Amino acid sequence: MKIFVAGHRGMVGGAILRRLEARKAAGEDLELVTRTSSELDLTSQAAVRDFMASEKPDQVILAAARVGGIHANNTYPAQFIYENLMIECNVIHQAFAAGVKSLLQLGSSCIYPKEAPQPMAEDALLTGPLEPTNEPYAIAKIAGIKLCESYNRQYGVDYRSVMPTNLYGPGDNFHPENSHVLPALIRRFHEAAQAGTEEVMIWGSGRPRREFLHVDDMAEASLYVLGLDREIYDANTEPMLSHINVGTGVDHSIMELAQMVAKVTGFEGRITNDPSKPDGTMRKLMNVDRLADMGWKAAIPLEEGLASTYRWYLDNVESIRA
Ligand SMILES: NC(=O)C1=CN([C@@H]2O[C@H](COP(=O)(O)OP(=O)(O)OC[C@H]3O[C@@H](n4cnc5c(N)ncnc54)[C@H](OP(=O)(O)O)[C@@H]3O)[C@@H](O)[C@H]2O)C=CC1
Ligand SMILES: C[C@H]1O[C@H](OP(=O)(O)OP(=O)(O)OC[C@H]2O[C@@H](n3cnc4c(=O)[nH]c(N)nc43)[C@H](O)[C@@H]2O)[C@@H](O)[C@@H](O)C1=O
């Protein structure tokens, strides 16, 4: 089985690759193909066509994307919609053209309407307006679902989509502005604890609620969904609804998260709010019943994942990106 993991240097692609490498080391007959973005720019149609035509993988895992937190999405909307649409169109179409029968792509919980009923089930897709801070990214991710659905319908291939909640873990992006909240707070609280600062500011009101899934759970869920028998998959995905939520089913307010990060990093000062920064969606808790019915549940509790991610951050603080 020859598998192309697109985005293997990223947080999710890296975790998926580690799992596949472990399976290969345990004796599974796997050939793993990877390319960095400088070796293969997935926004280039010609480059992706030539790559797929020459490599002809059996399976493709699409974990490459333009990714970032609320500020990055709000500041670079053109890059978020353009690059993600191009990557999805090129990888999905050229995989099909090269005869790839099985593909898994990653979307995001931001595909659901801003006011979707909580917890958000898969059938909430396209039932209302999106959250403005990440609408361009969400539109691209919805297009990815529809691409897979359409190729499945017209050509009978097996292209599946998973919709992760907010992810965190080793290999995350700790950039002070462009990252997601959890790595941003690890860095900010760590630096404040080291410097003996009395106050740490968190963006927005602290009231929005988010669901956090460890990337190792996400990698396991991705390979689980990809490996499911067609009958089990079909039995759990209605016709025309080819995506599956991946989360924990539990959420926390941003202030609760900040208090947890303060504890882990040893910060003992005050936590204050910066109301000039956007809250974004107030709540986006996933309904994860469908994946539970298929037999998969998240295993890493947030407290444990936070502590191990902080240890990873300490071990890698000199070399992490940003
Ligand atoms: N992080 C999160 O909280 C969430 C992530 N997701 C989704 O999960 C997937 C993976 O995200 P994550 O691992 O966090 O993202 P990262 O930013 O950690 O990694 C993304 C990877 O995509 C690759 N990439 C980006 N642009 C290109 C390009 N033009 N050509 C080739 N490769 C490219 C990069 O490769 P290189 O390093 O070689 O430049 C990078 O390693 C994405 O689809 C994302 O939307 C969904 C929900 C939440
Ligand atoms: C995964 C998901 O990620 C993005 O959506 P988001 O969930 O809103 O992302 P976020 O992690 O950046 O913020 C979560 C909450 O936390 C608050 N917050 C506090 N302090 C910091 C802070 O220091 N940094 C950040 N980034 N947020 C902070 C912040 O104001 C917000 O209320 C999407 O654009 C889209 O890309 C997507 O799919």
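Note that the structure is predicted; figures quoted are calculated from it, not measured. Numbering starts at 1 and runs along the sequence shown. In each ligand, atom 1 is the first atom listed, and ligand 1 is the first ligand listed.
- A search for ring-ring contact (aromatic ring centres under 6.0 Å, His included) contacts involving Phe80 returns Tyr137, not counting sequence neighbours.
- A parallel orientation is assigned to the rings of Phe174 and Trp312, their planes being inclined by less than 30° (bins at 30° and 60°).
- Backbone and side-chain nitrogen or oxygen atoms of Val12 are examined, and one is located within less than 3.5 angstrom of a nitrogen or oxygen of ligand 1.
- For the atom pair CG (Leu42) and SG (Cys89), the distance works out to 12.5 Å, reported to the nearest 0.5 Å.
- Atom OG of residue Ser179 and atom CZ of residue Arg187 lie 8.0 Å apart, to the nearest 0.5 angstrom.
- Residue Asp41 approaches ligand 1 through these ligand atoms, each under 4.0 Å from one of its heavy atoms: 28 (C), 29 (N), 30 (N).
- Shown are Leu223, Asp29, Leu32; of these, the side-chain contact (heavy atoms from CB on, under 4.5 Å) with Arg23 is made only by Leu223.
- Of the residues listed (Arg207, Arg209, Lys284), the one engaging Asp251 in a salt bridge (Lys or Arg N to Asp or Glu O under 4.0 Å) is Arg209, and it is the only one.
- Remark: Lys146 engages Glu149 in a salt bridge, criterion side-chain N to carboxylate O under 4.0 Å.
- When Ser44, Ala64, Ala47 are checked for heavy-atom proximity to atom 22 (O) of ligand 1, Ala64 turns out nearest.
- Defined by atom type and a distance below 3.5 Å, a donor-acceptor pair is missing between the side-chain atoms of Thr43 and Glu83.
- Only side-chain heavy atoms of His180 come within less than 4.0 Å of ligand 1; its backbone N, CA, C and O stay farther off.
- In terms of the salt bridge (charged side-chain N to carboxylate O under 4.0 Å, His left out) criterion, residue partners of Lys2 (sequence neighbours excluded) are, by chain and number, Glu55.
- If you look at Phe80 next to ligand 1, there are no close heavy atoms at all, none under 4.0 Å.
- Atoms of ligand 1 found under 4.0 Å from any heavy atom of Gly10 (numbered from 1 in listed order, with element): 13 (O), 16 (P), 18 (O), 19 (O), 41 (O).
- Around atom 37 (O) of ligand 1, the closest heavy atom drawn from Glu83, His8, Arg9 belongs to Arg9.
- Looking at His190 and Tyr310, their side chains do bring a donor and an acceptor atom within 3.5 Å of each other.
- Residue Ala65 has at least one heavy-atom neighbour below 4.0 Å for each of these atoms of ligand 1: 20 (C), 22 (O), 25 (C), 42 (C), 43 (O).
- Of all the heavy atoms of Val67, the ones lying under 4.0 Å from any atom of ligand 1 belong exclusively to the side chain.
- Taking a cut-off of under 4.0 Å to the non-hydrogen atoms of Thr36, the atoms of ligand 1 that pass are 38 (O).
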List of N/O pairs, ligand 2 versus protein, all under 3.5 Å?
residue  : atom   : partner : partner atom : Å
ligand 2 : 3 (O)  : His180  : NE2          : 3.2
ligand 2 : 5 (O)  : Lys284  : NZ           : 3.3
ligand 2 : 7 (O)  : Asn166  : ND2          : 3.0
ligand 2 : 7 (O)  : Arg210  : NE           : 2.6
ligand 2 : 7 (O)  : Lys284  : NZ           : 3.1
ligand 2 : 8 (O)  : Arg210  : NH2          : 2.9
ligand 2 : 11 (O) : Val181  : N            : 2.8
ligand 2 : 12 (O) : Ile70   : N            : 2.7
ligand 2 : 20 (N) : Trp203  : N            : 3.0
ligand 2 : 23 (O) : Arg188  : NH1          : 3.2
ligand 2 : 23 (O) : Arg188  : NH2          : 2.5
ligand 2 : 26 (N) : Ser179  : O            : 2.9
ligand 2 : 30 (O) : Pro278  : O            : 2.7
ligand 2 : 32 (O) : Asp279  : O            : 2.6
ligand 2 : 34 (O) : Asn73   : ND2          : 2.9
ligand 2 : 34 (O) : Asn134  : ND2          : 3.3
ligand 2 : 36 (O) : Gly68   : O            : 2.9
ligand 2 : 36 (O) : Asn73   : ND2          : 3.0
ligand 2 : 38 (O) : Ser108  : OG           : 2.5

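- In this structure, Asp217 has no salt bridge (charged side-chain N to carboxylate O under 4.0 Å, His left out) partners at least two apart in sequence or on a different chain.
- Side-chain contact between Pro132 and Lys114: present, with at least one pair of heavy atoms (C-beta onward) separated by less than 4.5 Å.
- Heavy atoms of Thr165 found under 4.0 angstrom from ligand 1 belong exclusively to the backbone.
- Within the 3.5 Å criterion, the main-chain N or O of Asn236 finds a donor-acceptor partner in the side chain of Arg290.
- Not one N or O of Ser38 is nearer than 3.5 Å to an N or O of ligand 1, by distance alone.
- Atom numbering of ligand 1 starts at 1 in the shown order; those under 4.0 Å from a heavy atom of Leu42 are 28 (C), 29 (N), 30 (N), 31 (C), 32 (N).
- Heavy-atom distances between Tyr168 and ligand 1 stay at or above 4.0 Å for every pair.
- Remark: ligand 1 and Arg35 share no N or O pair separated by less than 3.5 Å (distance only, no angle test).
- Linking ILVMFWY residues whenever their side-chain heavy atoms come closer than 4.5 Å, directly or via other members, leaves Val60 and Val225 in distinct clusters.
- Proximity of Leu40 to ligand 1, defined as any heavy-atom pair under 4.0 Å, is confined to the backbone N, CA, C and O atoms.
- At least one heavy atom of Lys141 sits under 4.0 Å from some atom of ligand 1.
- Side-chain rings of Phe4 and Phe51 approach one another, their centers coming within less than 6.0 Å.
- Contact analysis puts Gly107 in contact with ligand 1, with a non-hydrogen atom separation below 4.0 angstrom.
- Of the N and O atoms on the side chains of Tyr112 and Asn287, not one donor lies less than 3.5 Å from an acceptor on the other residue.
- Between Leu167 and ligand 1, a contact under 3.5 Å exists for at least one N or O pair.
- Atoms of ligand 1 found under 4.0 Å from any heavy atom of Ala63, numbered from 1 in the order shown, are 9 (C), 10 (C).
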